[in-house]
Amino acid sequence: MQIWAIANQKGGVGKTTSTLCLARGLAESGQRVLLIDLDPHASMTRAFNVPRHPVPSGTHELFSVGAPGLDTLARTTPIERLRLLAAQPGLATLERRSATQPGLGMALQRALAGVTQLYDYTLLDCPPTLGLLMVNALAAADCLVVPTQTDPLALHGLADMLRTAEMVETSRRRPLARFVLPTLFDKRTTLGAQSLELLHGLYAGRVWPDAVPMDARLRDARAIAANSPLSGAGADAYQQALDWLLAQPPATTPQSRAA
Ligand SMILES: Nc1ncnc2c1ncn2[C@@H]1O[C@H](COP(=O)(O)OP(=O)(O)OP(=O)(O)O)[C@@H](O)[C@H]1O
Ligand SMILES: [Mg+2]
């Protein structure tokens, strides 16, 4: 099983949209996919219309002693081969517990170790904050995909995110492949094109050569999570980005030292 974390410390850069589109693409190509919503705001969970009352079981349970196994917590979705672990608002309070409960940073990795035979891919939709949930995702992941809005300010967020990934890689002593996925690209502005050029200059080889364009058909996450055909420039771009990610060689040495 391959574990991909889709993360960026900056908000609104297309993390949830990217996670959904990549997960759909993988499931539609025959892979068994587990989606884990790690964001207390639960945008992904809402996209799948999971009722909020009573509070659904899901990601929060992974951090509790004696909780049921991960696979019994995962729910089916309208998309074949795609299962979801729902997020709950209570995830936001975990940060406080982490000070008194040692080992909480590895909870996700431990839970995923029990389902390696059941899924081909696990995709982690991360919250836009560097805290316990993001640390769990980076500790567990084989690959980090950083969606990055193509505007100059967003590039600062990207640098922060890649620095964090480098620190995690050093401390866990296992390579973490990292890729940049340019999103929300507005081809009408020169700023978009300049940001893209800058991205390629700074992170050559790790940036998907194209960019996901702004596309109104990607605005409603519920439409992506439904079992209706996806079409349009945005959906096509995500399919190409997925093909590119799948063609990248796995990291065998830590990138922080290899760079
Ligand atoms: N390519 C696109 N074209 C048009 N709208 C998009 C595109 N990608 C994402 N959006 C919209 O932009 C907004 C932010 O996207 P998304 O929720 O995926 O970002 P996020 O990084 O997960 O945000 P957060 O940090 O709040 O979790 C959403 O309203 C989404 O529908
Ligand atoms: Mg999100």
Side-chain angles (χ1 to χ4, degrees), residues 4-25 35-50 52 58-59 84-89 91-92 95 123-138 141 144-151 153-162 164-165 178-189 191-193 195-196 199 207-208 210-226 228 230-242 244-245:
W4 293 3
I6 291 75
N8 191 328
Q9 285 157 250
K10 192 172 184 318
V13 295
K15 294 181 291 294
T16 300
T17 309
S18 302
T19 311
L20 263 174
C21 290
L22 296 173
R24 246 194 95 143
L35 264 179
I36 302 187
D37 189 349
L38 284 168
D39 189 346
H41 287 117
S43 315
M44 167 88 72
T45 302
R46 270 185 244 169
F48 284 102
N49 287 319
V50 176
R52 280 194 277 171
T59 309
L84 168 76
L85 208 62
Q88 306 101 323
L91 284 170
E95 306 291 340
L123 267 60
L124 310 170
D125 183 22
C126 294
T129 38
L130 174 59
L132 178 73
L133 294 157
M134 170 106 69
V135 165
N136 262 275
L138 295 179
L144 166 68
V145 178
V146 191
T148 304
Q149 209 170 334
T150 35
D151 78 57
L153 282 181
L155 300 190
H156 294 293
L158 171 64
D160 290 345
M161 186 64 238
L162 291 175
T164 303
R178 335 194 237 286
F179 302 106
V180 178
L181 180 60
T183 56
L184 290 153
F185 179 64
D186 185 352
K187 61 175 185 242
R188 294 165 307 177
T189 67
L191 219 52
S195 307
L196 211 51
L199 265 182
V207 187
W208 176 48
D210 212 331
V212 179
M214 298 279 257
D215 182 347
R217 282 162 290 194
L218 291 180
R219 273 213 190 105
D220 185 2
R222 288 167 308 178
I224 311 173
S228 43
L230 270 187
S231 61
D236 290 350
Y238 273 115
Q239 185 55 53
Q240 284 161 28
L242 176 60
W244 182 81
L245 285 167

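Positions are given from 1 along the sequence. Both ligands and their constituent atoms are indexed starting at 1 by order of listing. Basis for what follows: all heavy atoms, side chains included, without hydrogens, waters or symmetry-related copies.
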### Message
Using a 4.0 Å heavy-atom cut-off, which part of N8 comes near ligand 1: side chain, backbone, both, or neither?
### Response
neither
### Task
Measure T17 to ligand 1 on non-hydrogen atoms and call it side chain, backbone, both or neither using the 4.0 Å cut-off.
both
Taking distance alone, with N or O pairs closer than 3.5 Å, would you say [X] contacts ligand 1?
{"X": "K10", "result": "no"}
{"X": "C126", "result": "no"}
{"X": "Y238", "result": "no"}
{"X": "V13", "result": "yes"}
{"X": "D125", "result": "no"}
{"X": "R219", "result": "yes"}

### Summary
In terms of heavy-atom contacts, P147 and A7 come closest through CD-O, 3.7 Å
#### Entry: R24 side-chain N/O to A226 backbone N/O, donor-acceptor pair under 3.5 Å
yes
Does [atom] have a protein non-hydrogen atom under 4.0 Å from it?
{"atom": "atom 28 (C) of ligand 1", "answer": "no"}
{"atom": "atom 13 (C) of ligand 1", "answer": "no"}
{"atom": "atom 9 (C) of ligand 1", "answer": "yes"}

For [atom], grab the closest protein heavy atom and report residue, atom and distance to one decimal in Å.
{"atom": "atom 3 (N) of ligand 1", "value": "D215 N, 2.8 Å"}
{"atom": "atom 6 (C) of ligand 1", "value": "L184 CD2, 3.5 Å"}
{"atom": "atom 20 (P) of ligand 1", "value": "K15 N, 3.4 Å"}
{"atom": "atom 19 (O) of ligand 1", "value": "G14 N, 3.0 Å"}
{"atom": "atom 23 (O) of ligand 1", "value": "G12 N, 3.1 Å"}

### Task
Let me see the working for D125 and T16 under side-chain hydrogen bond (donor to acceptor under 3.5 Å, both in side chains), right down to the final yes or no.
CA-CA 6 Å; D125 183 22; T16 300; 2.8 Å; yes
Could you tell me, atom by atom, which parts of ligand 1 come under 4.0 Å of a heavy atom of [X]?
{"X": "D39", "result": "27 (O)"}
{"X": "M214", "result": "3 (N)"}
{"X": "P213", "result": "1 (N), 2 (C), 3 (N)"}
{"X": "T16", "result": "18 (O), 20 (P), 22 (O)"}
{"X": "V212", "result": "1 (N)"}

#### Entry: Close approach, T183 and ligand 1, non-hydrogen under 4.0 angstrom
no
### Query
Has G234 got any heavy atom lying under 4.0 angstrom from an atom of ligand 1?
no
#### Entry: Whether T16 has an N, O or S atom under 2.8 Å from the Mg ion (ligand 2)
yes
